[in-house]
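Presented below is the structure to which this report refers.
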Amino acid sequence: MALSVTGAPTVTTRPNDTLLRALLRQPTDYTPIWLMRQAGRYLPEYTATRKRAGSFLGLAQNPDFATEVTLQPLERYPLDAAILFSDILTVPDAMGLGLYFAEGEGPRFRAPLRDEAAVARLAVPDLARLGYVFDAVSQIRGALANRVPLIGFSGSPWTLACYMVEGGGSDDFRTIKTMLYQRSDLIERILEVNVAAVAAYLNAQIDAGAQAIMIFDTWGGVLADGAYQKFSLGPMQRVLARLKTHHEGQAIPSIVFTKGGALWLEEIAATGPTAIGLDWTANLARAREQVGARCALQGNLDPAVLFAGEAQIRAEARRVLDAFGAPNGPAAPNHAGHVFNLGHGISQFTPPESVAILVDEVHTVSRSRRGL
């Protein structure tokens with residue numbers, strides 16, 4: 001598979017495109033693995049780079065630092081993908097909501113959407129304000145030199161709306177849920193803008209060199225049945241409908257991940273993503289039966305497993321592989337491909353050596369089960 005990007009040096013070595021083939025439900029020599037938040041605080045080299053950058057925003061908004069951090073886990077582990085180092089809140093920040101990070105509180109917005117006037121002023125941002133993200137994507141692609149594919153990403157329209165209305169993280173989402181039930185027209189207006197913004201943002205990442213796209217619907221699972229379909233899944237479907245499916249002759253897979261979304265797997269599959277990400281509460285075998293040949297599956301090891309000893313990590317990795325079952329091939333030609341991942345982002349307290357054990361087990365066992 002040719003994975004060149006305009007302006008990048010010509011690479012003659014065969015790229016590791018195992019992730020892309022698994023997402024496209026094509027046969028692979030082994031089960032590919034990458035980890036959500038694989039570039040992050042559990043790595044001491046990340047902490048050192050962040051210190052040099054001066055702040056999280058200084059890190060995320062500088063293409064040189066973003067490239068350095070994105071590549072760090074690949075220098076430690078034979079992972080099968082890189083994921084852009086950025087933040088899901090770059091889009092609402094570009095809308096003028098004033099992103100900042102308060103010590104001990106996480107991300108906050110100086111101008112959350114709390115009334116009709118604020119919602120009326122909301123507009124799709126000028127993508128030039130996010131140029132640092134696209135510069136980072138291009139720079140990372142060049143630095144990867146086709147070693148592994150690069151995943152771009154965004155928060156889902158609903159998840160972004162949660163932060164935009166709440167003004168930051170929340171335990172109960174009382175503010176946005178009150179608005180949802182009292183003034184659903186305001187929520188629908190926010191989501192309309194977010195759909196257009198997320199689609200444009202992801203397409204620009206594809207143009208810059210992203211080879212797969214992931215939509216993080218972190219807070220879709222806080223919604224009631226019915227509300228999820230209307231306010232989270234529906235907007236994601238509209239984003240997927242606007243996404244480029246090919247770039248420079250190559251397919252661009254899409255991954256949708258709703259934390260707490262196992263209840264709605266068949267409905268998620270019907271929206272048309274290439275793959276569905278599963279959290280650790282999902283039954284992987286049942287999920288495979290439900291989605292059949294419609295989508296690949298990604299997941300779904302409990303991140304807490306990485307605090308256990310080596311024997312338990314290896315056993316739990318095998319349990320996930322067993323749950324998915326036989327890989328694509330003559331015995332299962334119409335079933336989903338599998339990408340191994342955690343059921344959510346890796347904890348900052350994870351011992352780095354635990355990741356090495358996990359990657360080794362997934363690669364070794366999945367190769368052996370293919371007779372390789």
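Computed from heavy atoms alone, side chains included, the values below leave out hydrogens, waters and symmetry copies. Keep in mind the model is a prediction, meaning the values are calculated, not measured. By convention here, the first residue in the shown sequence is residue 1.
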Review point. Do the non-hydrogen side-chain atoms of M36 and I346 ever get within less than 4.5 Å of each other?
Key: no
Review point. Are the side chains of P44 and P352 in touch, meaning some heavy atoms are under 4.5 Å apart?
Key: yes
**Study point:** Main-chain N/O of V165 paired with R114 side-chain donor or acceptor, under 3.5 Å
**Key:** yes
Exercise for review: Output, in order, the C-alpha distance, side-chain angles, deciding distance and verdict of side chain to side chain contact (heavy atoms under 4.5 Å, CB included) for F257 and I215.
Suggested key: CA-CA 6 Å; F257 172 71; I215 301 174; over 6 Å; no
Check your understanding: Ignoring hydrogens and geometry, is there a side-chain-to-backbone donor-acceptor pair from S366 to Y30 under 3.5 Å?
Key -> no
Exercise for review: Taking all non-hydrogen atoms of both residues into account, name the closest pair between A196 and V124 and its distance.
Suggested key: CB-CG2, 3.6 Å
Review point. Of the non-hydrogen atoms in A143 and T67, which two are nearest, and what is the gap between them?
Key: CB-CG2, 4.0 Å
Point to revise | Intermediate values then yes/no, salt bridge (Lys or Arg N to Asp or Glu O under 4.0 Å), K177 and E166 | key: CA-CA 10 Å; K177 283 191 166 186; E166 295 287 341; over 6 Å; no
Check your understanding: Can we say D80 and R21 salt-bridge, meaning some charged N sits less than 4.0 Å from an Asp/Glu carboxylate O?
Key -> no
Check your understanding: Where is the tightest heavy-atom contact between V133 and S86, given as atom of each residue plus distance?
Key -> CG2-OG, 4.1 Å
Review point. Within the side chain of N300, is there an N or O that forms a donor-acceptor pair under 3.5 Å with the backbone of A282?
Key: yes
Check your understanding: How far does CG of L358 sit from CD of E316, to the nearest 0.5 angstrom?
Key -> 10.5 Å
Review point. So, for L301 and W280, which heavy atoms are closest and what is the spacing to 0.1 Å?
Key: C-CB, 4.2 Å
Point to revise | Stepwise side chain to side chain contact (heavy atoms under 4.5 Å, CB included) check, L278 with L265 | key: CA-CA 9 Å; L278 303 172; L265 279 181; 3.4 Å; yes
Check your understanding: What about F85 and F56, are their ring centers closer than 6.0 Å?
Key -> yes
Point to revise | No-hydrogen, no-angle side-chain donor-acceptor test under 3.5 Å, N194 and W158 | key: no
Practice item. Using a 4.5 Å cut-off on heavy atoms from C-beta on, say whether the side chain of R147 contacts that of P15. Key: no
Practice item. Taking atom types as modelled, find out whether Q250 and Q211 have a side-chain donor-acceptor pair closer than 3.5 angstrom. Key: no
**Study point:** Gap between atom CZ of R319 and atom CG of D302 - 0.5 Å precision
**Key:** 8.5 Å
**Study point:** Separation of F349 CZ from Y42 OH (nearest 0.5 Å)
**Key:** 15.0 Å
Exercise for review: Write down the atom of L321, the atom of R369, and the distance for their closest heavy-atom approach.
Suggested key: CB-NH1, 3.6 Å
Check your understanding: Any side-chain heavy-atom pair from N62 and Y132 closer than 4.5 angstrom?
Key -> no
Review point. Between the main-chain N or O of L122 and the side-chain N or O of R189, is there a donor-acceptor pair closer than 3.5 Å?
Key: yes
Check your understanding: Could you walk me through whether V69 and L59 pass the side chain to side chain contact (heavy atoms under 4.5 Å, CB included) check?
Key -> CA-CA 9 Å; V69 168; L59 191 65; 3.8 Å; yes
Practice item. Taking S184 for its side chain and Y181 for its backbone only, find out whether a donor-acceptor pair lies under 3.5 Å. Key: no
Check your understanding: Less than 4.0 Å between a side-chain N and a carboxylate O, is that true for D360 and R314?
Key -> yes
**Study point:** Parallel, tilted or perpendicular: ring planes of W264 versus Y228, cut at 30 and 60 degrees
**Key:** parallel
Check your understanding: Would you find a donor on one side and an acceptor on the other, under 3.5 Å apart, between the side chain of S55 and the backbone of G58?
Key -> yes
Check your understanding: Is there a donor-acceptor contact under 3.5 Å from the side chain of R242 to the main chain of A200?
Key -> no
Practice item. Check the side chains of Y163 and S170 for a donor-acceptor pair under 3.5 angstrom, ignoring hydrogens and angles. Key: no
Point to revise | Nearest-0.5 Å distance, CG of residue N16 to CG of residue L74 | key: 10.0 Å
Point to revise | Residue pair Y201 / T90, side-chain donor-acceptor N/O under 3.5 Å | key: yes
Review point. Same hydrophobic cluster for L342 and F307, using side-chain heavy-atom links shorter than 4.5 Å among ILVMFWY?
Key: no
Practice item. Spell out, as yes or no, whether a donor-acceptor pair under 3.5 Å connects the side chain of Q298 to the backbone of H338. Key: no
Practice item. To the nearest 0.5 angstrom, please state how far the CD1 atom of I190 sits from the CD1 atom of I176. Key: 6.5 Å
Practice item. Check each of D217, T159, T258 against S232 using the side chain to side chain donor-acceptor pair (under 3.5 Å) test, and report the only one that passes. Key: D217
**Study point:** Minimal non-hydrogen separation, S354 against A308, with atom names
**Key:** OG-O, 4.5 Å
Review point. Side chains of L233 and I268: closer than 4.5 Å at any heavy-atom pair?
Key: yes
Exercise for review: Supply the atom-to-atom distance I151 CD1 to Q205 CD, rounded to the nearest 0.5 angstrom.
Suggested key: 11.5 Å
Check your understanding: Would you call R129-D93 a salt bridge at under 4.0 Å N-O?
Key -> no
Exercise for review: Could you check if a side-chain atom of L297 sits within less than 4.5 angstrom of a side-chain atom of V339, using non-hydrogen atoms only?
Suggested key: no
Check your understanding: Counting only N and O atoms by type, is there a donor-acceptor contact under 3.5 Å from the side chain of R141 to the main-chain atoms of G209?
Key -> yes
**Study point:** Lys/Arg N to Asp/Glu carboxylate O, E192 vs R238, below 4.0 Å
**Key:** no
Check your understanding: Aromatic rings F216 and F153: how do their planes relate, parallel, tilted or perpendicular, breaks at 30° and 60°?
Key -> perpendicular
**Study point:** SB check R183 E188 (cutoff 4.0 Å)
**Key:** no
Check your understanding: Any sub-3.5 Å donor-acceptor pair from S254's side-chain atoms to T274's backbone N or O?
Key -> yes
Check your understanding: Can you check whether C295 reaches P273 side chain to side chain, under 4.5 Å on heavy atoms?
Key -> yes
**Study point:** Pair V355-R76, side chain to side chain contact (heavy atoms under 4.5 Å, CB included): steps then yes or no
**Key:** CA-CA 9 Å; V355 176; R76 275 187 178 255; over 6 Å; no
Exercise for review: Count the heavy atoms of every other residue, nucleotide or ligand shown that sit under 6.0 Å from CZ of R52, and state whether that count exceeds 12.
Suggested key: yes
